[in-house]
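Letters A, B, ... mirror the listed sequences (proteins, then strands); counts begin at 1. Excluded from the calculations below are hydrogen atoms, water molecules and symmetry mates; all remaining heavy atoms, backbone and side chain alike, are included.
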Amino acid sequence: MDYIGLSEQEIIRREALKELQTLGINPYPAAEYPVNIFSKDILDRFDDNNMPEDLLNVCLAGRIMTRRIMGNASFAELQDNKGRIQLYFRRDDICTGEDKTMYNTVFKRLLDIGDIIGVTGYAFRTQMGEISVHVKEFTVLSKSIHPLPIVKEKDGVIYDAFSDPEQRYRNRSLDLIVNPQVKSAFINRTRLTNSMRSFLNDKGYLEVETPILQPLYGGAAARPFKTHHNTLNQTLYLRIANELYLKRLIVGGFDGVYEFAKDFRNEGMDRFHNPEFTQMELYVAYKDYNWMMNLVEEMVERISIDLHGDTKVQLGENVIDFKRPWKRYTMYEAIQKFTGIDISNLSESELRQEARNLKVEIDDSMGKGKIIDEIFGTYCEKELIQPTFITDYPIEMSPLAKKHRSVDGLVERFEAICNGKEICNAYSELNDPIDQRERFEQQLLLAKRGDEEAMMLDEDFLKAIEIGMPPTAGLGIGIDRLTMIMTNSTSIQDVIFFPQMRPEKKAETFDESVFTELGIEEVWAKILFKAGYTSVKMLKEANPGKLHQILCGWNKKNKLGLQNPTPDQVSGWINS
RNA sequence: CGGCUCGUAGCUCAGUUGGCAGAGCACGUGACUCUUAAUCAUGGGGUCGAGGGUUCGACCCCCUCCGAGCCGACCA
């Protein structure tokens, strides 16, 4: 075994692994382990007066998280899928005969924090009152050869928390093991999608899957990731949205379809944006955006109750209340509320002047819609903490939304804003094929002017709309953002298991050939490098006697069991 | 893309007008048959993110680079 580059603790664990094998114990057994209970069930169902039968013969498995060894008796804490429970080991119970190896050697010396074991025994309460399992027999299920971060806790205070965000995100397994609140946030993420899914299924809508690899990207304004299909010799894009495909299914006669869609946008990353993220898109025929607002309220309120048993959710310093009905403002009303200015009847040049007065950054290329959006973004969005619907957006920003039934220049669109961030976006969908084509053509003009995010004209989609799409309400709801709110998370990285990270710096690439070319064995070349001799020049300048000592010492200290080089060999390297 | 902060032992963090690299936990050895941040004794463990510069001497000062976090810009 090659121990070079390992820490002392890693070497000790590998030695323990070997010793287990020498004792005839397989540290990675193949057989099923007959777990019959979880830690939490024991804690929940323990009853001093009327002990359930099955707690007298429990079999559970998990990871050793702490150990307190007191000679011939010990306590440990076992962490399984549902929590932790204390284990009590006594030498003479583990080893009923003369041979005390299983306790003295295997348990005390060869097991470590982080190892996965299975135990059988019975539940009891210690003199200090803690519900525990008295272990009669234990089985090594997986030896851990990488030391765990040690997190301690007393009276609810966490000591030495594993908290460096970089390490946590790069090594999520460790994060999940030692930070229970991380695990719980992810469990809540799944509970959230389960709640949403059953809500939609109960209404009879069909969950579907549509292409992630798309020949044309559409349905949102964003830059895509681009890839290539070899057989078709064709450029494909990772979808930025699935809207255009779901609408084709509406045309096809499904009256309610939805998809939990992983979308990809090739843009900046921050604590609200990850390049891949999840949206739930829903399309329902014969409905409009007013109907959809009611559905969103009902759905999100139910999710909050399913997760927290309450419509109120603590989020940082705020308490968000999802109780229906939510406040509703048109975009014009919202701007009037937060700036005091009524822009509903302004001409473009008047609007431009108001924007300048408000110190909103605008430039000449912006149309009326963009300026309004800019004012809203600067003055209104961050003020909206409680869930609020903003309705009736300028037409320029919304090429897939139906024109407003009564106000010129607007579309039937709403967003829900919560905690100062958009959580969903919905329209009465545009189903007029002539209008839709014109809107796409306007987008093409924008693209020609250099707007990288303008939508592409999708003939296949237009063809579908031309067949005839029923009036339809559509919704996209950001699952990551909603999860952040529901789990009191400040960063999207806390609700995505494996957030995108820059590649870690490569471990220094050492080309041992510079030494092996001198006739040095590879293993010694690596040790020389580890010992700080990183170039031939350094080697040549070294004292041969000292170098020999270093190598032999290294061999001994790390128990490598190598044949030491002779002093002559070492001076031979230096003089070669 | 810009500003600020950070990178030292497995983990959390100290550190020094610039003078042999520290603590707690973890780990090794010994003691202890109801502990719980177990305790007591004792011992090991470091390319101080990488590279360059200044200096007799750099973890520390300067430059470049890499990675991370926060804020802002851009963007949904």
Practice problem: Check every strand shown and say whether A/R265 touches a base, only sugar-phosphate, or nothing at a heavy-atom separation below 4.0 Å. | Solution: sugar-phosphate
Quiz item: In Å, rounded to the nearest 0.5 Å, how long is the span from OG1 of A/T105 to CG of A/L111?
Solution: 11.0 Å
Exercise. Kindly indicate whether the side chain of A/Q9 and the base of B/rA26 share any N or O donor-acceptor pair separated by less than 3.5 Å?
Key: yes
Quiz item: Hey, is the side chain of A/E77 pairing donor to acceptor with the base of B/rU36 inside 3.5 Å?
Solution: no
Could you pull out all donor-acceptor pairs under 3.5 Å where a side-chain atom in residues 474-499 of chain A meets a protein atom, sequence neighbours excluded?
from: A/D480; atom 1: OD1; to: A/R189; atom 2: NH1; distance (Å): 2.9
from: A/D480; atom 1: OD1; to: A/R189; atom 2: NH2; distance (Å): 3.2
from: A/D480; atom 1: OD2; to: A/T278; atom 2: N; distance (Å): 2.7
from: A/R481; atom 1: NE; to: A/F272; atom 2: O; distance (Å): 3.3
from: A/R481; atom 1: NH1; to: A/E422; atom 2: O; distance (Å): 3.3
from: A/R481; atom 1: NH2; to: A/F272; atom 2: O; distance (Å): 3.3
from: A/R481; atom 1: NH2; to: A/H273; atom 2: NE2; distance (Å): 3.4
from: A/T483; atom 1: OG1; to: A/I479; atom 2: O; distance (Å): 2.6
from: A/T487; atom 1: OG1; to: A/T483; atom 2: O; distance (Å): 2.7
from: A/T487; atom 1: OG1; to: A/S489; atom 2: OG; distance (Å): 2.8
from: A/N488; atom 1: OD1; to: A/G316; atom 2: N; distance (Å): 2.8
from: A/S491; atom 1: OG; to: A/Q493; atom 2: N; distance (Å): 3.1
from: A/S491; atom 1: OG; to: A/Q493; atom 2: NE2; distance (Å): 3.2
from: A/D494; atom 1: OD1; to: A/Y169; atom 2: OH; distance (Å): 3.0

Exercise. Report yes if a side-chain nitrogen or oxygen of A/Q493 is closer than 4.0 Å to either non-bridging phosphate oxygen (OP1 or OP2) of B/rG69; otherwise report no.
Key: yes
Self-check item: Listed nucleotide nearest any side-chain atom of A/I150, set B/rU33, B/rA26, B/rU12
Solution: B/rA26
Quiz item: With a 4.0 Å cut-off on heavy atoms, is A/S7 in touch with a base, just the backbone sugar-phosphate, or nothing at all?
Solution: sugar-phosphate
Exercise. Report yes or no: does A/E10 contribute a side-chain atom to a donor-acceptor pair with the main-chain N or O of A/S7 at less than 3.5 Å?
Key: yes
Self-check item: Gap between atoms CD1 and P, on A/I69 and B/rU39 respectively (whole Å)
Solution: 13 Å
Self-check item: A/T22 and A/E19 side chains, donor-acceptor separation under 3.5 Å
Solution: no
Exercise. Check the distance between B/rU35's P and A/F75's CZ and give it to me in whole angstrom.
Key: 7 Å
Practice problem: Could you please name the option among B/rA68, B/rC32, B/rG45 that lies closest to any side-chain atom of A/P165? | Solution: B/rA68
Practice problem: Pick base, sugar-phosphate or nothing for A/Q86, based on heavy-atom distances below 4.0 Å to the nucleic acid. | Solution: base
Exercise. Starting from the 5' end of RNA chain B, give me the residue, A/G71 or A/D112, whose nearest nucleotide shows up first.
Key: A/D112
Quiz item: Between A/N179 (CG) and B/rU12 (C1'), how many Å, whole number?
Solution: 12 Å
Quiz item: Can A/D458 and A/Y217 be counted as having a side-chain donor-acceptor contact under 3.5 angstrom?
Solution: no
Self-check item: A/K183, NZ: over 12 other non-hydrogen atoms inside 6.0 angstrom
Solution: yes
Quiz item: What's the NZ-P distance between A/K108 and B/rU29, to the nearest Å?
Solution: 10 Å
Self-check item: Sub-6.0 Å ring centroid separation between A/F107 and A/F89
Solution: yes
Quiz item: What is the distance, rounded to the nearest whole Å, between atom CG of A/N104 and atom C1' of B/rC32?
Solution: 13 Å
Quiz item: Can you check the A/K382 NZ to B/rC71 P distance for me, whole Å?
Solution: 12 Å
Quiz item: Is the aromatic ring centre of A/Y159 closer than 5.5 Å to the centre of the six-membered base ring of B/rA37, with the two planes inclined by less than 30°?
Solution: yes
Quiz item: When you look for runs of 3 or more Watson-Crick or G-U pairs in a row, both distances below 3.5 Å, which of them include RNA chain B?
Solution: B:1-7 with B:66-72, B:10-13 with B:22-25, B:27-31 with B:39-43, B:49-53 with B:61-65
Self-check item: Rounded distance (Å) that lies between atom C1' of B/rC66 and atom CZ of A/R170
Solution: 10 Å
Quiz prompt | Interatomic distance where CG belongs to A/N266 and C1' belongs to B/rC75 [whole Å] | solution = 12 Å
Practice problem: Kindly indicate whether the side chain of A/S163 and the base of B/rU12 share any N or O donor-acceptor pair separated by less than 3.5 Å? | Solution: no
Exercise. Please tell me which of the listed nucleotides, B/rU12, B/rA68, B/rA26, lies nearest to the side chain of A/D160?
Key: B/rU12
